[in-house]
Amino acid sequence: MNEDEIADKVYEERERIVDLYRNGPGDGTIIDPVDDPTINDYFKLDRFGFIIGDESKFKKEDPQEIKIEVNREQKWLKMISNWDSLSRDKLKRRVYKGIPNSLRGKVWAKLLGVDQLTDDQKNKYKHMCELAWEHSPDVRQIDLDVNRTYREHINFRKRYNFKQQELFNILSAYSIYNLDIGYTQGMSQIAALLLMYLSEDEAFWALSNLISNSKYYMHGFFIPGFPKLIRFQDHHDKIMNKLLPKLKKHLDKNGVETGLYTLKWFFQCFLDRIPFKLTLRVWDTFLLEGDKILSAMAYCLLKLHRHQLYALGMDDILNFLQVKLEQNYQLTADYTIEKLQECLVELKKNKLDNAGQPSQNEKLKRELGIFNPDDIPVRKKMFFQPQINGVGKIRKPINADQIHSSPEQDSQRQGSIITNGKNSLDDVSSIVGDSSRRSLLDTSVTSAATTTVSPQSIQNDDAGSDVTCVSPQPDVLRIYVPYDTPTKKSPTSVSNKITTIQVMDEMATPTVETDGMFKAVSTIN
């Protein structure tokens, strides 16, 4: 297949996907019933819009907490109306006490300066959307990730509904607006969170500010090599060695490296790692204080739970930090935020409240919002990658570490193919059940076998190697290999297949192991 034929296929696929989001699925479009349910399929929604499938797990809000929040609304309304004259100390005190959920969107917009951005950049977002629909090389990956982003939330549950359309538009537009990043898996959940509280236009500019504003500067998390992630993990190790040396020694003894549990903490500010109610409170402080909250909250969580961790081994430690903290968090949000403030003071006292200045390679290299189609000719090929011995070219990582997760969490929330006997913990997606996993696979020309890698292990392309790598993704490295789907597979047939992935050193001989319909690149000495 020559370059022109590849470009034609890319254009046709992009045009088809864009049409589904702009005009909705046509009469002949087949959508899995799992992806297009009726509201009668559910029992209850929690106050944040998440679907509670099991009514026995529905937790009623404390009436006293609701009363306190209602009383705070009047104070916050006055603060919002007098925002420009509001003192920093008063704002900080009120944010740490809690922003009423009904006003969270207004406050977040103020903290992120969204009003100013939308006034200064009128019609820019619309223009970026139009360019993305025509030129973005990331449309297909964005479509796949929209299909597995917060599908347990009522706003994003129905396939191609207006919130999925908005999410698709924002991510596509940003892939053209910031060509240093384009689109990276992990951005979808952040954008979806913003869409729960902001309009589409506001959410785009909020995402842009989070990525490019020096206060947050998430740009360094998303660019290849993850330089900011590495910087923050190194800083986390310094904090642990000085303030929690006993716990650090215990984690090291059990092989629990910092990279195994801090990826989503830093990369997405604790999304899906602590209860959503607490996550919102952490995001309130993050938007107020900036990225120093990431290190402080990581320290706070480990300090609060250090005694439980002392009694656990490797697998149980990871399960506790990645699963149990979210599903069975025993402390109140108010208490945790109070302790977070104490941790901020403690870190400042020890001169550990700052992870240092960003390196040069974390910074923006191109001007935002300036687009030339000639800037992305190579990335167009990512839709249909040339094959070498039947295997798409991928970059070879070293020192790959496997993250283990519980079958319960995987079956409820994740969208990865089973790896090494367990579902891989796909930190950059959220999906409901095996049926949705089947639907995801049926939309893709390739299967995605997932393994976890440390950011430090990503190497540059090796022209002489049989195995090279696509752009590294946050939390996981996806190895893309073609498969055939002549007929639909049942959910159970997918979940029972095991794909074994081993990635060793550069001198290893690449082999392919096959189990059922999935194939995976494997290297063994």
Side-chain angles (χ1 to χ4, degrees), residues 6-39 41 49 118 122-177 182-183 185 187-189 191-192 194-196 198-205 207 369 371 373 376 379-380 382-384 415 429-432 435-436 438-446 485 488:
I6 292 173
D8 287 342
K9 288 186 176 294
V10 169
Y11 178 82
E12 290 170 4
E13 184 173 27
R14 179 169 53 230
E15 188 177 50
R16 176 186 62 80
I17 292 170
V18 168
D19 183 68
L20 282 170
Y21 284 96
R22 294 188 67 183
N23 303 313
D27 294 338
T29 304
I30 299 175
I31 299 179
D32 195 306
V34 172
D35 290 331
D36 198 20
T38 64
I39 192 63
D41 293 335
T118 52
K122 285 184 178 179
N123 299 320
K124 184 70 172 181
Y125 170 60
K126 181 181 179 181
H127 180 53
M128 289 294 104
C129 283
E130 292 170 349
L131 286 172
W133 294 337
E134 184 69 22
H135 299 287
S136 174
D138 300 306
V139 161
R140 180 172 173 274
Q141 186 60 54
I142 291 169
D143 172 49
L144 293 178
D145 289 344
V146 167
N147 190 33
R148 55 186 174 182
T149 298
Y150 282 129
R151 296 306 301 280
E152 68 273 29
H153 193 280
I154 194 64
N155 284 359
F156 302 100
R157 191 65 190 99
K158 187 176 176 65
R159 195 69 174 110
Y160 304 112
N161 74 347
F162 75 101
K163 279 297 180 182
Q164 282 204 356
Q165 292 169 14
E166 291 177 355
L167 180 58
F168 175 82
N169 291 341
I170 288 170
L171 297 174
S172 299
Y174 199 80
S175 72
I176 293 296
Y177 183 74
Y183 170 73
Q185 288 178 306
M187 293 168 64
S188 60
Q189 276 187 290
L194 295 171
L195 273 174
M196 292 178 194
L198 303 170
S199 69
E200 179 180 346
D201 195 60
E202 289 173 334
F204 174 82
W205 292 113
L207 177 66
F371 174 72
I376 54 170
R379 295 175 65 205
K380 290 179 181 179
M382 291 179 68
F383 279 85
F384 295 89
S429 64
S430 179
I431 198 167
V432 180
S435 296
S436 288
R438 179 193 65 189
S439 174
L440 172 63
L441 293 174
D442 286 343
T443 65
S444 175
V445 177
T446 59
T485 53
K488 271 197 171 185

Using 0.5 Å steps for rounding, measure from the [atom1] atom of [X] to the [atom2] atom of [Y].
X	Y	atom1	atom2	value
L20	F168	CG	CZ	9.0 Å
Q185	I142	CD	CD1	10.5 Å
D201	I170	CG	CD1	8.5 Å
E130	S172	CD	OG	13.0 Å
L144	T149	CG	OG1	10.5 Å

For S136 and I176, work out which heavy atoms get closest and say how close.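 Of all heavy-atom pairs spanning S136 and I176, the closest is CA-CD1, 3.8 Å.
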
Which atom of A203 lies closest to which atom of L195, heavy atoms considered: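 Scanning both residues completely, I find the closest heavy atoms to be CB-CD2, 3.9 Å.
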
Quick one: does [X]'s side chain get under 4.5 Å of [Y]'s, heavy atoms only?
X	Y	value
R159	Q164	yes
L207	L194	yes
S188	L171	yes
Y150	L167	no
V146	F156	no

Ionic contact status for K163 with E166, cut-off 4.0 Å: yes

[X] side chain vs [Y] backbone, donor-acceptor pair below 3.5 Å:
X	Y	answer
E202	S199	yes
R140	R14	no
R151	R157	yes
N161	N155	yes

Give me the one residue out of D19, N169, I17, V139 that meets side-chain contact (heavy atoms from CB on, under 4.5 Å) with W133. N169

Counterpart residues, ring pair (Phe, Tyr, Trp, His ring centres under 6.0 Å), relative to Y160 (two or more places apart): Y21

With Y125, which residues qualify under ring pair (Phe, Tyr, Trp, His ring centres under 6.0 Å), at least two apart? F204

Before we go on, tell me: are the rings of Y177 and W205 under 6.0 Å apart, centre to centre?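 So the answer is yes for these two rings.
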
